[in-house]
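Read the structure below first, then the notes.
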Amino acid sequence: MAELERTFVAVKPDGVQRGLVGEVISRFETRGLKLVGLKMLKVTPALAEKHYGEHKGKPFYEGLVNFITSGPVVAMVWEGKNAIALSRNVIGATNPGSAAPGTIRGDLCVDIGRNVVHGSDGPESAVREVSIFFHDGEILKEWGRNVDSWVCE
Ligand code: UDP
Ligand code: MG
């Protein structure tokens, strides 16, 4: 399946504190994506800079780094057909005020600086972010899921 992709998703510290880890995982599971990597960790300032380097110099950068390093996050790798765009749709617009109902941000949050979840925004960032947070051996590459033929043609 040529369109099979992997993407990086994280429940941010606000989502962990608010008890939304299960809810977030559930949204990706029920959409039909497959979980192939999962861990809980505290993001260090160095890791935050690596992950959010593209935003360095923007007015919200310092607050973003303070926020993402403020408590544990749950890091995940999700796999599936068109997984990157699909995940962005599950997550919703960056600013919860503009996020559609039915999306995680549209249903569960209020503020752009407390938007519960991260998802890679394209194929390059997906590869980069997965490799920042996971060693190759931590990703379960080929576990067969019996329902797959009921999710994709
Ligand atoms: N962010 C913020 N204020 C802004 C823009 C972004 O606090 O004005 C934060 C927000 O948490 C967002 C993250 O920075 O999720 C990364 O921004 P990006 O534009 O990459 O949004 P995303 O890819 O998370 O939708
Ligand atoms: Mg982004």
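Each ligand, and each atom within it, is numbered from 1 in the order the structure gives. Numbers for residues simply follow the sequence, beginning at 1.
Of the protein's heavy atoms, Phe60 CD2, 3.4 Å lies nearest to atom 4 (C) of ligand 1. Protein heavy atom at the shortest distance from atom 25 (O) of ligand 1 is Thr94 OG1, 2.5 Å.
Between His51 and Phe8, the ring planes lie perpendicular to each other; the angle is over 60°, past the 30° to 60° tilted range.
Judged by the 6.0 Å and 45° rule, Lys39 forms a cation-pi pair with Phe134.
Those atoms of ligand 1 with a heavy atom of His55 less than 4.0 angstrom away are 16 (C), 17 (O), 18 (P), 19 (O), 20 (O). Close contacts of ligand 1 with Asn115, meaning ligand atoms under 4.0 Å from a residue heavy atom, involve 10 (C), 11 (O), 12 (C), 15 (O).
Contacts with ligand 1 closer than 4.0 Å are made by no heavy atom of Lys58, backbone or side chain. With a heavy-atom cut-off of 4.0 Å, Arg105 touches ligand 1 through its side chain alone.
Between the NZ atom of Lys12 and the CG atom of Leu20 there is a distance of 13.5 Å, given to the nearest 0.5 Å. Here the straight-line distance linking atom CG of Leu140 with atom CG of Leu38 works out to 11.0 Å at 0.5 Å rounding.
No side-chain heavy atom of Ile112 sits less than 4.5 Å from a side-chain heavy atom of Phe60. Contact of the Val73 side chain with the His118 side chain is not registered, since no non-hydrogen atoms from C-beta on lie closer than 4.5 Å.
Residue-ligand proximity: Arg114 is placed with every non-hydrogen atom at 4.0 Å or more from ligand 1. Close to ligand 1: Arg88, with a non-hydrogen atom less than 4.0 angstrom away. At least one heavy atom of Ile112 sits under 4.0 Å from some atom of ligand 1.
Across Gly113, Pro59, Ala93, heavy-atom proximity to atom 7 (O) of ligand 1 is greatest for Gly113.
By the 3.5 Å distance cut-off applied to N or O atoms, Lys12 is counted among the residues near ligand 1. Inclusion of Leu64 in the set of residues having an N or O under 3.5 Å from an N or O of ligand 1 is not warranted.
The one candidate from Leu33, Val117, Leu108 that meets the side chain to side chain contact (heavy atoms under 4.5 Å, CB included) condition with Arg27 is Leu108.
The side-chain hydrogen bond (donor to acceptor under 3.5 Å, both in side chains) pairs that include a residue from residues 58-79 are Arg6-Glu79, His55-Lys58, where partners are two or more places apart or lie in different chains.
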